[in-house]
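Following: one structure in structure tokens, then a few remarks.
Please read these numbers as outputs of a predicted model, since none were measured by experiment. All values below come from the heavy atoms of this structure, side chains included, with hydrogens, waters and symmetry mates left out. Order of appearance sets the numbers: ligands from 1, and atoms from 1 within every ligand.
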Amino acid sequence: MRVPGIPDEEFIREEKIPMTKEEIRVLALSKARLFTGARFLDVGSGTGSVTVEAGLIVGDEGRVYAIEKDDLAYNLTLKNLQKFNVKNVVVIKGEAPDAISEINEQLDSVFIGGGSERIREIINAIDPKLKKGGRIVADAILLETAVNATNALLELGYKTEIIEIIVAKGMKTSKGYAMISRNPVFIIYGEKA
Ligand SMILES: C[S@@+](CC[C@H](N)C(=O)[O-])C[C@H]1O[C@@H](n2cnc3c(N)ncnc32)[C@H](O)[C@@H]1O
């Protein structure tokens with residue numbers, strides 16, 4: 001099994017396609033409790049950074065599903081999978097929650113990085129496909145998304161937590177390092193009872 005944390009600059013990027021940044025990605029994948037052989041779903045794969053890291057962690061015995069609705073992001077995910085030589089991923093071009101029905105096996109954990117406006121429906125559609133003890137992890141910029149995700153998980157009886165992270169990265173100046181803050185990100189996660 002491989003420790004996550006591929007540097008952001010190693011991914012192929014497209015100007016308009018977002019990516020879950022390295023430090024947030026590491027924490028989100030840790031909360032997802034991935035393991036060798038796990039079945040994992042990434043909703044809204046974007047650039048593909050979470051999908052790639054998950055594919056490397058679960059290894060040849062595992063499987064990752066990625067759902068992405070946007071053509072450019074879908075193709076970018078494929079490009080990054082190729083770049084990192086990750087072959088255990090099924091990339092589904094479609095929109096969650098509907099596209100979740102294309103997955104025909106039980107999942108160990110799920111990350112939701114896209115679809116904030118439909119987060120409740122997405123969580124409700126994932127629930128029947130998640131094994132007992134499995135985890136749903138979501139990240140969110142908006143307070144409303146964090147509240148909606150938390151409530152959806154609580155209503156399903158999940159053991160739920162919410163954290164907020166603010167990452168400041170050091171920028172080298174002539175006098176030393178100045179810390180430049182990024183926007184705060186919520187990570188919400190729930191474990192199925
Ligand atoms: C913030 S980006 C995710 C970044 C990704 N985790 C990464 O590491 O590159 C959100 C992505 O979710 C996609 N998305 C939004 N709503 C979606 C939905 N309902 N179903 C599938 N994809 C969706 C967007 O097109 C976008 O590419």
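At the top of the distance list for atom 12 (O) of ligand 1, counting protein heavy atoms only, stands G44 CA, 3.2 Å. When hydrogens are left out, the protein atom nearest atom 25 (O) of ligand 1 is E68 OE2, 2.6 Å; that is the closest non-hydrogen contact. In terms of protein heavy atoms, atom 16 (N) of ligand 1 is closest to G115 N, 3.0 Å. Looking only at heavy atoms of the protein, atom 18 (C) of ligand 1 is closest to A96 N, 3.7 Å. The closest protein non-hydrogen atom to atom 5 (C) of ligand 1 is S45 O, 3.2 Å. Among protein heavy atoms, atom 1 (C) of ligand 1 sits closest to G113 O, 3.4 Å. For atom 22 (N) of ligand 1, the nearest protein heavy atom (residue, atom name, distance) is K69 N, 3.4 Å. At the top of the distance list for atom 6 (N) of ligand 1, counting protein heavy atoms only, stands T20 OG1, 2.8 Å.
Listed by number with element, the atoms of ligand 1 under 4.0 angstrom from any heavy atom of E95 are 18 (C), 19 (N), 20 (N). Within the listing of ligand 1, atoms 25 (O) sit less than 4.0 angstrom from a heavy atom of D70. Using a 4.0 Å cut-off to heavy atoms of S49, the atoms of ligand 1 that qualify are 7 (C), 8 (O), 9 (O). The contact set between ligand 1 and P18, taken as ligand atoms under 4.0 Å from a residue heavy atom, comprises 1 (C), 2 (S), 4 (C), 9 (O). The atoms of ligand 1 that sit less than 4.0 Å from any heavy atom of G114 are 10 (C), 12 (O), 15 (C), 16 (N).
Annotation: N183, atom CG; neighbour count of heavy atoms from other residues, nucleotides and ligands within 6.0 Å is above 12. Summarising the local packing, NZ of K131 is surrounded by more than 12 heavy atoms from other residues, nucleotides or ligands at distances under 6.0 Å.
K93 has no carboxylate O lying under 4.0 Å from a charged side-chain N of E102, or vice versa, which leaves the two without a salt bridge. Under a 4.0 Å N-O distance rule, the pair R63/E105 qualifies as a salt bridge. With respect to E191 and R33, no salt bridge is recorded, no charged nitrogen being found less than 4.0 Å from a carboxylate O. For K169 and E23, the salt-bridge test passes: some basic side-chain N is under 4.0 Å from an acidic carboxylate O. Between D8 and K21 there is no salt bridge, since no side-chain N of the basic residue sits under 4.0 Å from a carboxylate O of the acidic one.
For Y189 and E161, the side-chain atoms include at least one donor-acceptor pair closer than 3.5 Å. R25 and S49 form a side-chain donor-acceptor contact under 3.5 Å, judged by distance and modelled atom types alone.
In this structure, the side chains of I122 and I126 come closer than 4.5 Å at one or more pairs of heavy atoms. Looking at F35 and I57, their side chains never come closer than 4.5 Å, going by heavy atoms from C-beta outward.
Residues F84 and F11 bring their aromatic ring centres within 6.0 Å.
Note on ligand 1: V50 sits in its first shell, one or more heavy atoms being nearer than 4.0 Å. For G94, the heavy-atom gap to ligand 1 drops under 4.0 angstrom. Look at R118 and you'll find every heavy atom at least 4.0 Å from all atoms of ligand 1.
In terms of polar-atom proximity, defined here as any N/O pair under 3.5 Å, V43 makes no such contact with ligand 1. The distance criterion of under 3.5 Å between nitrogen or oxygen atoms is met by T47 with respect to ligand 1.
Counting heavy atoms under 4.0 Å from ligand 1, residue S116 does not touch it at all. Of all the heavy atoms of A73, the ones lying under 4.0 Å from any atom of ligand 1 belong exclusively to the side chain.
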